Enquirer: 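Provided herewith is a single structure, encoded as structure tokens, for subsequent inquiry.
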Amino acid sequence: MEKLQCVIERITYHNEENGYSVVKVSANGYSDIVAAVGIMPEVHVGSIFNLYGSWKIHPKFGQQFSFERCEETLPATVNGIMKYLGSGLIKGVGSVYAKRIVDTFGDDTLNILDNEPDRLSEVPGLGAKRVAMIKKSWIEQQEVKNIMLFLQSHDVSTSLAAKIFKHYGNDSIAVITENPYRLADDIWGIGFKTADSIAKKLGYGHERFERLRSGIFYTLNKLSELGHCFSYRDELIKAAGELLEVDEDLIAAPLDKMIKNNDLIQDDTAIYLPVFYYSEVGTANRLLNLIDSGITMYMGTDMINSRTVAGSKSINYDDSQIEAIKAALENKVFVLTGGPGTGKTTTTMGIIETYQERGAKILLAAPTGRAAKRMSEVTRMEAKTIHRLLEMKPSEGFQRNENNKLTGDVLIVDECSMIDIILMNSLMKAVPDNMSVIFVGDVDQLPSVGAGKVLSDMLASGVIPYVRLDKIFRQAQRSRIITNAHKINHGEMPYLTDKNSDFLFMAEEEDELALERSQKAADRIVKLCTEIMPQWKINSDDIQVLTPMRRGAVGSAELNLRLQAALNPENVALKRAGFEYRVKDRVMQIRNNYDKAVFNGDIGIVTSISPEDNTLTVNFDGRRINYDVTDLDELVLAYATTIHKSQGSEFPYVIMPVMMSHYVMLQRNLLYTGVTRAKKGLIIVGEKKAVYIAVKNNKIVERNTKLAERLRNKTYEYLDEEDED
């Protein structure tokens, strides 16, 4: 095999599942950038590698170095040193200062940093404060280098080594040696497969308890990402056995030990991660407790009719809306559901005004910042995110809880289809016995991104009073978006031939190859955003691309790269793992970060970047959050996003590809959710056949939950508060 010594210049593609990567590198002995393909760990631009393989000619992409083995090394060239220093591992050094340091000291840079760090003051622009920061960081970096060298033979990248050091400090190697599977438990971004790879190279046995335990946890966590609160025992044993590549008989004993140690909770044949069990039981108990706590203090609804509802002089409420307003005053817990154009907002206003007329103090909340902002605009009252309502403090959690309840008479929560079981439990803990709670949402939308199907389960239980609005009002009937949404929801094909409505369908030729159709659809979407819609006087900031999937030519990942290049081509940028984040980029947070108080699905705009410090700032609805370069794996570009991630949001204009390449995701509730995100205009780019399949596929992917059953049984379950915490 040939050996290629190189510096990673760009990561074109990296598959997180199997590590297959396509990278562009500058290599010793080659004047031009070359392509290399093979299996490698997560890397970042600037990493130094020895690749072992051979040169091959790809029929489409030309000459490539195909490697079978790779090893990461410390930088040996001036260019490598500059890339290394500017990679984000050294606090106070970004790409700008990295170049200045290397320009000053050249090949001797690493020696200067090791032995004469005070000479950094010779570098133009480096003040005493930054020199001190770099010196301190470089000393800490020695440990990172030791970890990196230790992990080098275990296929772990420099960026992961930095994460490990950040979490464990000087104990990193000791922790990894003792139990590498702790990495998967403790550090976001390091999964079981990475930990398992390290463990194998450390000589960990295939059937050791630590490995089996970690695999069972991983399996349950993956199921929770699909929305399940639990797994049935037999299914869990089978899935964990396949993951771990061991006989299913070997899973039962460690599983029972985990249950005995309270690492897991078994309820009949259901196996829960503790957080989901206590959230589900806690939510059911609290809802039942509220229902059983007696009548509300705002009874006397016999005289309520369309003429007596506060503010109804200019509004003609129909019978179902009056029924909803009465029920909202008569019941401690109530759900108002219905599709677009059916009067949910008008009815909610009637509920608010009728309560206000009776002197009630009302709290308004929604799961996301965008939904809360929209609620504020409609009601002209303050509406908070649930996290803000519960007074989330970084590193401390919710300040409003079972020991410090909310104060008020009525809580109205909008967009409740988005609420997962964990957030619901946190909310219900903070609701006092004297408070009425009204949930508003569209039960036909996709369920929450997180585990559970809270709104659907509340309705299915038969215990929670609710009113479903289904009449489309005359004004809403003028919107083809609304009428088509209801047709889709009823299993009927939407009108696709209108040329002068707020709902447009742009067909792709169906006699071409699928790949060509997808590529042409992507081209059309980029052209719509950059040329056609701006000619219609539509600002690109008002356009959101929503797509069923993340992968593929019309998936969110590829569309984001193309739209960024077209809409924000040249700007100050920060690079991370082959991606660039630029000033004015639209980005999305993809995990709950309680330290920063930003949450999965939050969308913001990059407002500033400091190349010197390797940091950037994102504006999330008026809150400015700082990110270090090592935190950027929590952000993705959001010019395009998946329909799942769009829940609770409303955009002026939506472009949505619906293609046969999305076949596995073509479902009625997904199409319905995407259509209902558009406020002023919707353009579907795709194939009629794909739309038809989505409309006719009403097979709901079931989620394993027991909330409806727990409510239906009306049996309070013992819950150890200490365990719950």
Side-chain angles (χ1 to χ4, degrees), residues 217 219-232 236 258-259 262-268 270-291 333 335 365 367-368 385-387 389-392 396-406 411 413 415-431 437 439 441 447-461 463-464 591-592 594 599-601 647 702-725:
F217 271 136
T219 303
L220 278 171
N221 275 305
K222 279 296 178 184
L223 288 170
S224 74
E225 290 174 12
L226 297 174
H228 300 295
C229 291
F230 66 85
S231 173
Y232 291 104
L236 175 59
M258 294 169 73
I259 293 168
N262 292 321
D263 291 334
L264 302 175
I265 307 292
Q266 180 165 331
D267 180 14
D268 194 15
I271 310 292
Y272 287 82
L273 290 166
V275 66
F276 296 114
Y277 176 79
Y278 290 120
S279 293
E280 194 173 86
V281 172
T283 296
N285 282 353
R286 194 74 197 103
L287 286 170
L288 289 171
N289 182 270
L290 276 176
I291 292 169
V333 182
V335 175
T368 67
T385 64
I386 295 174
H387 289 89
L389 178 76
L390 300 180
E391 299 176 14
M392 161 60 69
E396 295 181 24
F398 294 121
Q399 304 304 294
R400 293 287 183 174
N401 49 44
E402 63 271 32
N403 299 316
N404 182 27
K405 303 276 190 178
L406 295 167
L411 171 63
V413 189
E415 293 290 356
C416 289
S417 62
M418 293 185 66
I419 302 177
D420 62 46
I421 193 64
I422 293 177
L423 184 58
M424 182 67 167
N425 184 46
S426 296
L427 177 63
M428 295 311 298
K429 281 182 183 179
V431 173
V437 186
F439 297 101
S448 57
V449 174
K453 46 187 177 74
V454 174
L455 182 61
S456 175
D457 280 348
M458 285 198 295
L459 298 187
S461 72
V463 172
I464 311 293
R591 68 173 289 240
N592 289 337
Y594 293 97
F599 305 98
N600 190 358
Q647 291 169 261
E702 287 300 324
R703 294 184 166 195
N704 292 339
T705 77
K706 286 193 173 187
L707 179 61
E709 179 184 325
R710 296 181 195 281
L711 290 170
R712 198 179 298 122
N713 290 341
K714 297 185 180 180
T715 302
Y716 291 99
E717 299 175 71
Y718 173 73
L719 191 62
D720 188 324
E721 292 291 345
E722 186 175 332
D723 285 343
E724 184 183 4
D725 293 338

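The model shown is predicted, which means the values in this text are computed figures rather than measured ones.
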Enquirer: Would you name the heavy atoms of S461 and I464 that are closest together and state the gap between them?
Expert: OG-N, 3.8 Å
Enquirer: Has D268 got a side-chain atom pairing as donor or acceptor with A270's backbone, closer than 3.5 angstrom?
Expert: no
Enquirer: Answer yes if the side chains of Y272 and E280 hold a donor-acceptor pair under 3.5 Å, and no otherwise.
Expert: yes
Enquirer: Can you check whether V454's main-chain N or O pairs, donor with acceptor, with D457's side chain at less than 3.5 Å?
Expert: no
Enquirer: With a 4.5 Å heavy-atom cut-off, do L427 and L411 have their side chains touching?
Expert: yes
Enquirer: Within this structure, what is the CG-OG distance for the pair N221 and S224, rounded to the nearest 0.5 Å?
Expert: 5.0 Å
Enquirer: Given 3.5 Å as the limit, does a donor-acceptor pair link the side chain of Q399 with the main chain of G397, or not?
Expert: yes
Enquirer: If the plane angle is over 60° it's perpendicular, under 30° parallel, otherwise tilted; pick one for F599 and H387.
Expert: parallel
Enquirer: Using ring centroids (six-membered ring only for Trp), state whether F276 and Y278 fall under 6.0 Å.
Expert: no
Enquirer: Rounded to the nearest 0.5 Å, how far does CE of M418 lie from CD1 of I386?
Expert: 9.0 Å
Enquirer: List the atom of G452, the atom of S448, and the distance in Å for their closest heavy-atom pair.
Expert: O-OG, 3.4 Å
Enquirer: Looking only at heavy atoms, which two atoms of S231 and L220 are closest? And how far apart?
Expert: CB-CD2, 3.8 Å
Enquirer: Salt-bridged, E709 to R712, with N to O below 4.0 Å?
Expert: no
Enquirer: Drop me the distance from F230's CZ to L273's CG, to the nearest 0.5 angstrom.
Expert: 12.5 Å
Enquirer: Drop me the distance from T283's OG1 to L288's CG, to the nearest 0.5 angstrom.
Expert: 10.5 Å
Enquirer: Is V449 close to D420 at the side-chain level, that is, under 4.5 Å between some pair of heavy atoms?
Expert: no
Enquirer: So, for P367 and I419, which heavy atoms are closest and what is the spacing to 0.1 Å?
Expert: CG-CG1, 3.8 Å
Enquirer: Measure from the side-chain N and O atoms of N592 to the backbone N and O of N600, and report whether any donor-acceptor pair falls under 3.5 Å.
Expert: yes
Enquirer: Using a 3.5 Å distance criterion without hydrogens, assess whether the side chain of D263 forms a donor-acceptor pair with backbone atoms of I259.
Expert: no
Enquirer: What heavy-atom pair brings A451 and H228 nearest, and what distance separates the two atoms?
Expert: CB-O, 3.6 Å
Enquirer: If you take all heavy atoms of C229 and T705, which pair is closest and at what distance?
Expert: SG-CG2, 4.0 Å
Enquirer: Using only atom types and a distance under 3.5 Å, with no angle test, would you say the side chain of R400 pairs donor to acceptor with the backbone of K405?
Expert: yes
